Protein chains: 2
Amino acid sequence: MCNHHQEIEESTDRCCPRGGRVRGFMQPWLLLLLAQRPAHGYELMERLSQGEATPAADPGLLYRTLRQFEEEGLVRSSWDTEGGGPARRVYEITAEGLDYLHAWVVNIRRTRERLDRFLSEYEAYFHSKKGGEQDVRTR
Amino acid sequence: MCNHHQEIEESTDRCCPRGGRVRGFMQPWLLLLLAQRPAHGYELMERLSQGEATPAADPGLLYRTLRQFEEEGLVRSSWDTEGGGPARRVYEITAEGLDYLHAWVVNIRRTRERLDRFLSEYEAYFHSKKGGEQDVRTR
DNA sequence: GTATAATATATGTGAAAATCAGATAACAGA
DNA sequence: TCTGTTATCTGATTTTCACATATATTATAC
(Lines give C-alpha, C1' and ligand atoms only; values in the text may rest on other atoms or scores of the structure.)
Protein backbone atom coordinates (compact mmCIF):
# COMPACT_ATOMS: atom_id res chain seq x y z
CA MET A 1 0.00 0.00 0.00
CA CYS A 2 1.31 3.39 -0.97
CA ASN A 3 -0.50 6.07 0.97
CA HIS A 4 -0.17 9.16 -1.13
CA HIS A 5 -2.52 12.02 -0.34
CA GLN A 6 -1.66 11.33 3.26
CA GLU A 7 -1.79 13.98 5.92
CA ILE A 8 1.48 15.81 6.44
CA GLU A 9 2.36 15.36 10.07
CA GLU A 10 5.29 17.80 10.05
CA SER A 11 3.41 20.82 8.78
CA THR A 12 6.49 23.02 9.26
CA ASP A 13 4.13 25.41 11.07
CA ARG A 14 3.13 27.44 8.01
CA CYS A 15 6.40 28.11 6.43
CA CYS A 16 8.46 27.64 3.37
CA PRO A 17 8.22 25.17 0.53
CA ARG A 18 4.73 23.75 0.51
CA GLY A 19 4.40 20.24 1.88
CA GLY A 20 8.06 19.98 2.72
CA ARG A 21 9.00 18.56 -0.64
CA VAL A 22 12.20 19.44 -2.37
CA ARG A 23 11.21 21.27 -5.50
CA GLY A 24 12.21 19.95 -8.91
CA PHE A 25 13.73 16.91 -7.36
CA MET A 26 11.52 14.10 -8.51
CA GLN A 27 13.09 14.02 -11.93
CA PRO A 28 16.66 13.08 -11.02
CA TRP A 29 15.34 10.58 -8.51
CA LEU A 30 13.30 8.86 -11.17
CA LEU A 31 16.28 8.59 -13.48
CA LEU A 32 18.48 7.23 -10.71
CA LEU A 33 15.91 4.65 -9.64
CA LEU A 34 15.50 3.55 -13.24
CA ALA A 35 19.26 3.37 -13.67
CA GLN A 36 19.33 0.91 -10.79
CA ARG A 37 16.72 -1.26 -12.46
CA PRO A 38 13.71 -1.03 -14.77
CA ALA A 39 10.45 -0.42 -12.97
CA HIS A 40 6.86 0.70 -13.42
CA GLY A 41 5.36 3.90 -12.08
CA TYR A 42 3.71 2.51 -9.00
CA GLU A 43 6.88 0.83 -7.85
CA LEU A 44 8.84 4.04 -8.40
CA MET A 45 6.33 5.85 -6.28
CA GLU A 46 6.86 3.45 -3.42
CA ARG A 47 10.61 3.58 -3.71
CA LEU A 48 10.48 7.37 -3.79
CA SER A 49 8.33 7.58 -0.69
CA GLN A 50 10.23 5.04 1.38
CA GLY A 51 13.16 5.97 3.55
CA GLU A 52 11.84 9.51 3.92
CA ALA A 53 13.71 10.32 0.70
CA THR A 54 10.73 12.29 -0.48
CA PRO A 55 7.49 12.68 1.43
CA ALA A 56 4.83 10.92 -0.65
CA ALA A 57 5.22 11.94 -4.26
CA ASP A 58 2.18 13.01 -6.25
CA PRO A 59 1.20 10.24 -8.68
CA GLY A 60 -0.07 12.70 -11.26
CA LEU A 61 3.26 14.44 -11.44
CA LEU A 62 5.14 11.16 -11.45
CA TYR A 63 3.30 9.59 -14.37
CA ARG A 64 3.37 12.80 -16.35
CA THR A 65 7.09 13.12 -15.77
CA LEU A 66 7.70 9.59 -17.00
CA ARG A 67 5.72 10.23 -20.17
CA GLN A 68 7.63 13.41 -20.74
CA PHE A 69 10.91 11.58 -20.27
CA GLU A 70 9.83 9.10 -22.86
CA GLU A 71 9.01 11.87 -25.34
CA GLU A 72 12.49 13.23 -24.76
CA GLY A 73 14.06 9.82 -25.24
CA LEU A 74 15.43 9.53 -21.70
CA VAL A 75 13.47 6.37 -20.99
CA ARG A 76 11.56 3.82 -23.00
CA SER A 77 8.59 1.74 -21.94
CA SER A 78 6.77 -1.49 -22.60
CA TRP A 79 3.67 -3.14 -21.19
CA ASP A 80 3.92 -5.92 -18.70
CA THR A 81 0.75 -8.00 -18.54
CA GLU A 82 2.21 -10.90 -16.59
CA GLY A 83 1.50 -11.36 -12.92
CA GLY A 84 -1.69 -10.41 -11.12
CA GLY A 85 -3.29 -6.99 -11.15
CA PRO A 86 -3.71 -4.52 -13.97
CA ALA A 87 -1.15 -4.16 -16.73
CA ARG A 88 1.80 -2.01 -15.85
CA ARG A 89 4.00 0.12 -18.02
CA VAL A 90 7.58 -0.77 -17.33
CA TYR A 91 10.18 1.91 -17.93
CA GLU A 92 13.86 1.47 -18.53
CA ILE A 93 16.45 4.17 -18.86
CA THR A 94 18.19 4.83 -22.17
CA ALA A 95 21.81 5.76 -22.80
CA GLU A 96 20.67 9.32 -23.29
CA GLY A 97 18.83 9.17 -20.00
CA LEU A 98 22.01 8.10 -18.26
CA ASP A 99 23.90 11.03 -19.78
CA TYR A 100 21.17 13.30 -18.58
CA LEU A 101 21.36 11.85 -15.09
CA HIS A 102 25.10 12.38 -14.92
CA ALA A 103 24.74 15.97 -16.08
CA TRP A 104 22.07 16.45 -13.47
CA VAL A 105 24.29 15.22 -10.70
CA VAL A 106 26.81 17.91 -11.54
CA ASN A 107 24.05 20.43 -11.01
CA ILE A 108 22.94 18.86 -7.79
CA ARG A 109 26.45 19.00 -6.42
CA ARG A 110 26.56 22.68 -7.24
CA THR A 111 23.21 23.11 -5.58
CA ARG A 112 24.49 21.46 -2.44
CA GLU A 113 27.46 23.80 -2.40
CA ARG A 114 25.07 26.73 -2.53
CA LEU A 115 22.99 25.29 0.27
CA ASP A 116 26.14 24.92 2.33
CA ARG A 117 27.17 28.46 1.55
CA PHE A 118 23.80 29.67 2.76
CA LEU A 119 23.92 27.63 5.94
CA SER A 120 27.48 28.77 6.66
CA GLU A 121 26.48 32.37 6.25
CA TYR A 122 23.46 31.82 8.47
CA GLU A 123 25.46 30.13 11.19
CA ALA A 124 28.28 32.63 10.98
CA TYR A 125 25.81 35.40 11.65
CA PHE A 126 23.53 33.84 14.23
CA HIS A 127 26.14 31.96 16.18
CA SER A 128 28.80 34.65 16.44
CA LYS A 129 26.29 37.33 17.38
CA LYS A 130 24.42 35.19 19.92
CA GLY A 131 20.78 35.40 19.00
CA GLY A 132 21.46 38.06 16.41
CA GLU A 133 21.27 41.22 18.50
CA GLN A 134 21.13 43.53 15.50
CA ASP A 135 18.51 45.94 16.76
CA VAL A 136 15.16 44.81 15.46
CA ARG A 137 12.60 47.17 16.81
CA THR A 138 9.61 44.98 17.52
CA ARG A 139 7.34 48.03 17.88
CA MET B 1 27.33 47.83 -12.07
CA CYS B 2 25.15 44.78 -11.62
CA ASN B 3 25.00 42.86 -14.85
CA HIS B 4 21.84 40.83 -14.65
CA HIS B 5 20.53 39.40 -17.88
CA GLN B 6 24.09 38.30 -18.53
CA GLU B 7 24.84 35.32 -20.68
CA ILE B 8 25.10 32.05 -18.80
CA GLU B 9 28.53 30.72 -19.66
CA GLU B 10 28.01 27.32 -18.07
CA SER B 11 24.85 26.38 -19.93
CA THR B 12 24.91 22.91 -18.36
CA ASP B 13 24.59 21.68 -21.95
CA ARG B 14 20.79 21.70 -22.08
CA CYS B 15 19.92 20.04 -18.88
CA CYS B 16 18.14 20.33 -15.63
CA PRO B 17 16.82 23.24 -13.62
CA ARG B 18 16.40 26.23 -15.90
CA GLY B 19 19.20 28.76 -15.81
CA GLY B 20 21.19 26.88 -13.22
CA ARG B 21 19.52 28.68 -10.36
CA VAL B 22 18.50 26.94 -7.17
CA ARG B 23 14.75 26.92 -7.11
CA GLY B 24 12.87 28.76 -4.40
CA PHE B 25 16.07 29.92 -2.86
CA MET B 26 15.99 33.66 -3.25
CA GLN B 27 13.52 34.05 -0.43
CA PRO B 28 15.61 32.71 2.45
CA TRP B 29 18.63 34.57 1.09
CA LEU B 30 16.75 37.84 1.15
CA LEU B 31 15.67 37.30 4.73
CA LEU B 32 19.19 36.39 5.80
CA LEU B 33 20.73 39.40 4.08
CA LEU B 34 18.15 41.65 5.68
CA ALA B 35 18.79 40.06 9.05
CA GLN B 36 22.44 41.06 8.69
CA ARG B 37 21.46 44.64 7.99
CA PRO B 38 18.68 46.73 6.43
CA ALA B 39 19.11 47.29 2.72
CA HIS B 40 17.32 48.35 -0.44
CA GLY B 41 16.52 46.09 -3.39
CA TYR B 42 19.37 47.03 -5.62
CA GLU B 43 21.93 46.41 -2.92
CA LEU B 44 20.38 43.04 -2.13
CA MET B 45 20.65 42.14 -5.78
CA GLU B 46 24.36 42.87 -5.78
CA ARG B 47 24.95 40.99 -2.56
CA LEU B 48 23.01 38.03 -3.92
CA SER B 49 24.99 37.93 -7.13
CA GLN B 50 28.40 38.34 -5.62
CA GLY B 51 30.45 35.36 -4.45
CA GLU B 52 28.62 33.09 -6.88
CA ALA B 53 25.99 32.62 -4.19
CA THR B 54 23.31 32.85 -6.81
CA PRO B 55 23.97 33.44 -10.49
CA ALA B 56 22.59 36.91 -11.18
CA ALA B 57 19.20 37.13 -9.54
CA ASP B 58 16.26 38.37 -11.57
CA PRO B 59 15.31 41.90 -10.45
CA GLY B 60 11.65 41.35 -11.25
CA LEU B 61 11.44 38.40 -8.94
CA LEU B 62 13.46 40.14 -6.28
CA TYR B 63 11.32 43.25 -6.04
CA ARG B 64 8.11 41.28 -6.18
CA THR B 65 9.34 39.01 -3.43
CA LEU B 66 10.19 41.95 -1.20
CA ARG B 67 6.74 43.46 -1.69
CA GLN B 68 5.15 40.12 -0.92
CA PHE B 69 7.23 39.81 2.23
CA GLU B 70 6.02 43.20 3.29
CA GLU B 71 2.39 42.19 2.76
CA GLU B 72 3.02 39.16 4.96
CA GLY B 73 4.69 41.27 7.62
CA LEU B 74 8.11 39.65 7.30
CA VAL B 75 9.79 42.93 6.42
CA ARG B 76 8.91 46.60 6.58
CA SER B 77 10.09 49.41 4.37
CA SER B 78 10.67 53.11 4.22
CA TRP B 79 11.88 55.52 1.57
CA ASP B 80 15.38 56.83 1.62
CA THR B 81 15.75 60.01 -0.43
CA GLU B 82 19.15 61.00 0.93
CA GLY B 83 22.28 60.50 -1.11
CA GLY B 84 22.55 60.62 -4.86
CA GLY B 85 20.47 58.69 -7.34
CA PRO B 86 16.78 57.90 -7.31
CA ALA B 87 14.90 57.27 -4.10
CA ARG B 88 15.32 53.82 -2.71
CA ARG B 89 13.01 51.71 -0.64
CA VAL B 90 14.92 50.43 2.35
CA TYR B 91 13.73 47.18 3.88
CA GLU B 92 14.36 45.87 7.35
CA ILE B 93 13.38 42.52 8.72
CA THR B 94 10.69 42.19 11.40
CA ALA B 95 10.60 39.85 14.37
CA GLU B 96 8.16 37.73 12.43
CA GLY B 97 10.54 37.68 9.51
CA LEU B 98 13.29 36.40 11.77
CA ASP B 99 11.05 33.60 13.00
CA TYR B 100 10.27 32.75 9.43
CA LEU B 101 13.95 32.67 8.55
CA HIS B 102 14.75 30.32 11.41
CA ALA B 103 11.91 28.02 10.41
CA TRP B 104 13.18 28.12 6.86
CA VAL B 105 16.64 27.07 7.91
CA VAL B 106 15.21 23.94 9.47
CA ASN B 107 13.73 23.10 6.11
CA ILE B 108 16.91 23.87 4.27
CA ARG B 109 18.85 21.53 6.52
CA ARG B 110 16.34 18.82 5.74
CA THR B 111 16.68 19.61 2.07
CA ARG B 112 20.42 19.24 2.28
CA GLU B 113 20.02 15.86 3.94
CA ARG B 114 17.86 14.78 1.05
CA LEU B 115 20.40 16.02 -1.44
CA ASP B 116 23.06 14.05 0.37
CA ARG B 117 20.89 10.96 0.39
CA PHE B 118 20.45 11.31 -3.34
CA LEU B 119 24.16 11.79 -3.98
CA SER B 120 25.06 8.87 -1.72
CA GLU B 121 22.68 6.63 -3.55
CA TYR B 122 24.04 7.82 -6.85
CA GLU B 123 27.64 7.26 -5.86
CA ALA B 124 26.91 3.93 -4.24
CA TYR B 125 25.49 2.73 -7.49
CA PHE B 126 27.84 4.24 -10.02
CA HIS B 127 31.06 3.79 -8.09
CA SER B 128 30.56 0.24 -6.87
CA LYS B 129 29.42 -1.00 -10.25
CA LYS B 130 32.19 0.77 -12.18
CA GLY B 131 30.49 2.77 -14.91
CA GLY B 132 27.15 1.18 -14.04
CA GLU B 133 27.29 -1.95 -16.18
CA GLN B 134 23.62 -2.73 -15.67
CA ASP B 135 22.82 -3.82 -19.20
CA VAL B 136 21.42 -0.85 -21.05
CA ARG B 137 20.80 -1.93 -24.58
CA THR B 138 21.82 1.06 -26.63
CA ARG B 139 20.06 -0.30 -29.74
C1' DG C 1 23.64 71.56 -22.67
C1' DT C 2 22.60 67.13 -24.03
C1' DA C 3 23.36 62.35 -24.57
C1' DT C 4 24.52 58.34 -22.22
C1' DA C 5 25.36 55.31 -18.40
C1' DA C 6 24.42 53.91 -13.85
C1' DT C 7 21.18 53.66 -10.15
C1' DA C 8 16.74 52.13 -8.66
C1' DT C 9 12.03 50.24 -8.72
C1' DA C 10 8.33 48.11 -10.89
C1' DT C 11 4.83 45.59 -14.11
C1' DG C 12 3.12 42.43 -17.78
C1' DT C 13 3.26 38.13 -19.80
C1' DG C 14 3.84 33.38 -20.73
C1' DA C 15 5.81 28.84 -19.92
C1' DA C 16 6.80 25.37 -16.84
C1' DA C 17 6.16 22.95 -12.60
C1' DA C 18 3.40 21.38 -8.93
C1' DT C 19 -0.86 20.59 -6.41
C1' DC C 20 -5.39 18.97 -5.99
C1' DA C 21 -8.99 16.19 -7.40
C1' DG C 22 -10.84 12.69 -9.63
C1' DA C 23 -11.66 9.01 -13.47
C1' DT C 24 -10.76 4.50 -15.08
C1' DA C 25 -9.69 -0.35 -14.99
C1' DA C 26 -8.13 -5.11 -13.52
C1' DC C 27 -7.93 -8.34 -10.23
C1' DA C 28 -8.21 -10.53 -5.43
C1' DG C 29 -10.51 -12.06 -1.62
C1' DA C 30 -14.39 -11.77 1.78
C1' DT D 1 -21.19 -8.78 -5.24
C1' DC D 2 -18.83 -5.53 -2.95
C1' DT D 3 -14.72 -3.66 -1.30
C1' DG D 4 -9.81 -2.94 -1.30
C1' DT D 5 -5.48 -2.94 -3.63
C1' DT D 6 -2.85 -2.28 -7.58
C1' DA D 7 -2.08 0.63 -11.44
C1' DT D 8 -2.31 4.40 -14.85
C1' DC D 9 -3.89 8.68 -16.43
C1' DT D 10 -6.35 13.30 -17.12
C1' DG D 11 -8.34 17.94 -16.03
C1' DA D 12 -8.28 22.17 -13.55
C1' DT D 13 -6.05 25.31 -11.02
C1' DT D 14 -2.29 27.53 -8.66
C1' DT D 15 2.33 28.79 -8.01
C1' DT D 16 6.79 29.89 -9.57
C1' DC D 17 9.94 31.74 -12.42
C1' DA D 18 12.19 33.90 -16.45
C1' DC D 19 12.21 37.33 -19.76
C1' DA D 20 11.11 41.59 -21.48
C1' DT D 21 10.11 46.07 -20.75
C1' DA D 22 8.70 50.64 -18.60
C1' DT D 23 9.81 54.38 -15.64
C1' DA D 24 12.38 57.95 -13.07
C1' DT D 25 16.60 60.16 -11.08
C1' DT D 26 21.19 61.45 -10.97
C1' DA D 27 26.09 61.43 -12.52
C1' DT D 28 29.48 61.84 -16.23
C1' DA D 29 31.22 62.23 -20.62
C1' DC D 30 31.25 64.65 -24.73
Side-chain angles (χ1 to χ4, degrees), chain A residues 1-8 16-30 39-49 54-72 77-91, chain B residues 1-8 11 14-30 39-49 54-72 75 77-91:
Chain A
M1 164 206 349
C2 182
N3 48 347
H4 30 86
H5 289 184
Q6 71 193 353
E7 71 285 2
I8 297 146
C16 318
R18 308 319 232 147
R21 293 181 189 79
V22 183
R23 309 189 55 88
F25 209 49
M26 183 195 280
Q27 306 194 12
W29 264 116
L30 288 182
H40 60 278
Y42 198 83
E43 185 198 327
L44 290 168
M45 212 152 58
E46 288 183 319
R47 285 164 72 194
L48 261 185
S49 299
T54 328
D58 174 61
L61 180 57
L62 185 138
Y63 286 108
R64 250 191 282 256
T65 301
L66 287 172
R67 299 308 227 70
Q68 192 197 322
F69 278 171
E70 188 161 27
E71 269 178 51
E72 296 169 21
S77 74
S78 55
W79 284 101
D80 174 18
T81 48
E82 314 200 0
R88 61 198 76 171
R89 196 192 283 271
V90 176
Y91 290 91
Chain B
M1 164 205 348
C2 182
N3 48 348
H4 30 86
H5 288 186
Q6 71 194 353
E7 70 286 1
I8 297 147
S11 73
R14 83 261 138 95
C15 135
C16 317
R18 309 319 233 144
R21 293 181 187 80
V22 183
R23 308 187 53 88
F25 209 51
M26 184 195 279
Q27 307 194 13
W29 264 116
L30 288 182
H40 60 278
Y42 198 83
E43 184 198 328
L44 290 168
M45 210 151 59
E46 288 182 321
R47 285 163 72 194
L48 260 186
S49 299
T54 329
D58 174 60
L61 181 57
L62 186 138
Y63 287 107
R64 251 191 282 253
T65 302
L66 287 171
R67 299 308 227 75
Q68 191 197 321
F69 279 171
E70 188 160 28
E71 269 176 52
E72 296 167 22
V75 302
S77 75
S78 55
W79 284 101
D80 174 17
T81 48
E82 314 199 0
R88 61 198 76 174
R89 197 190 282 271
V90 176
Y91 290 91

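Order of the sequence lines fixes the chain letters, A, B, ..., with proteins taken first and strands second; residue numbering starts at 1 for each chain. Please read all numbers here as calculations on a predicted model, not as lab measurements.
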Side chain of B:Leu61 (C-beta onward), nearest among C:dA10, D:dA7, D:dC17: D:dC17
State the OG1-CZ distance between A:Thr81 and A:Arg88, to the nearest 0.5 angstrom. 9.5 Å
Side chain of B:Arg88 only, please: which of D:dA7, C:dT9, D:dA18 is the nearest? C:dT9
With a 4.0 Å cutoff (strictly under), does any side-chain N or O of B:Arg23 reach OP1 or OP2 of D:dC17? no
So what does A:Gly60 touch, heavy atoms closer than 4.0 Å: a base, only the sugar-phosphate, or nothing? base
Could you tell me the separation between the CG atom of B:Leu62 and the P atom of D:dC17, rounded to a whole number of Å? 12 Å
Interatomic distance, B:Asp58 CG vs D:dA20 P [rounded to whole Å]: 10 Å
State, with a plain yes or no, whether a side-chain heavy atom of A:Tyr91 is found less than 4.5 Å away from one of A:Arg67. yes
Among C:dT13, C:dT9, D:dC17, find the nucleotide with the atom closest to the side chain of B:Arg64. C:dT13
How close do B:Ala57 and B:Ser49 get, heavy atom to heavy atom, and via which atoms? N-OG, 3.5 Å
For a quick test of reading the model: is some side-chain N or O of A:Tyr63 closer than 4.0 Å to OP1 or OP2 of D:dT8? yes
Whole-Å distance, A:Leu44 CG to D:dA7 P, equals 11 Å
Return the 5'-most residue of the pair A:Gly85, A:Tyr91 with respect to DNA chain D, ranking by each residue's nearest nucleotide. A:Gly85
Let me know the distance between CD of B:Glu82 and P of D:dT25, rounded to the nearest Å. 18 Å
Shortest non-hydrogen contact between A:Met26 and A:Leu48, atoms and distance: CG-CD1, 3.8 Å
For A:His40 and D:dT5, give me the distance from atom NE2 to atom C1', rounded to whole Å. 12 Å
For atom CD of A:Glu70 and atom P of D:dT8, their distance in whole Å: 13 Å
Heavy-atom side-chain proximity of A:Trp29 to A:Arg47 below 4.5 angstrom: no
Selection from C:dT9, D:dT6, C:dA10 that lies nearest to any side-chain heavy atom of A:Tyr42: D:dT6
Distance check needed: C:dA16 P versus A:Glu72 CD, whole Å only. 11 Å
Any idea which of C:dT19, C:dT7, D:dC9 is nearest the B:Pro86 side chain? C:dT7
Could you check how far CG of B:Leu66 sits from P of C:dT11, rounded to whole Å? 12 Å
When A:Gln27 and B:Arg89 are each assigned the nearest nucleotide of DNA chain C, the 5'-most assignment goes to B:Arg89
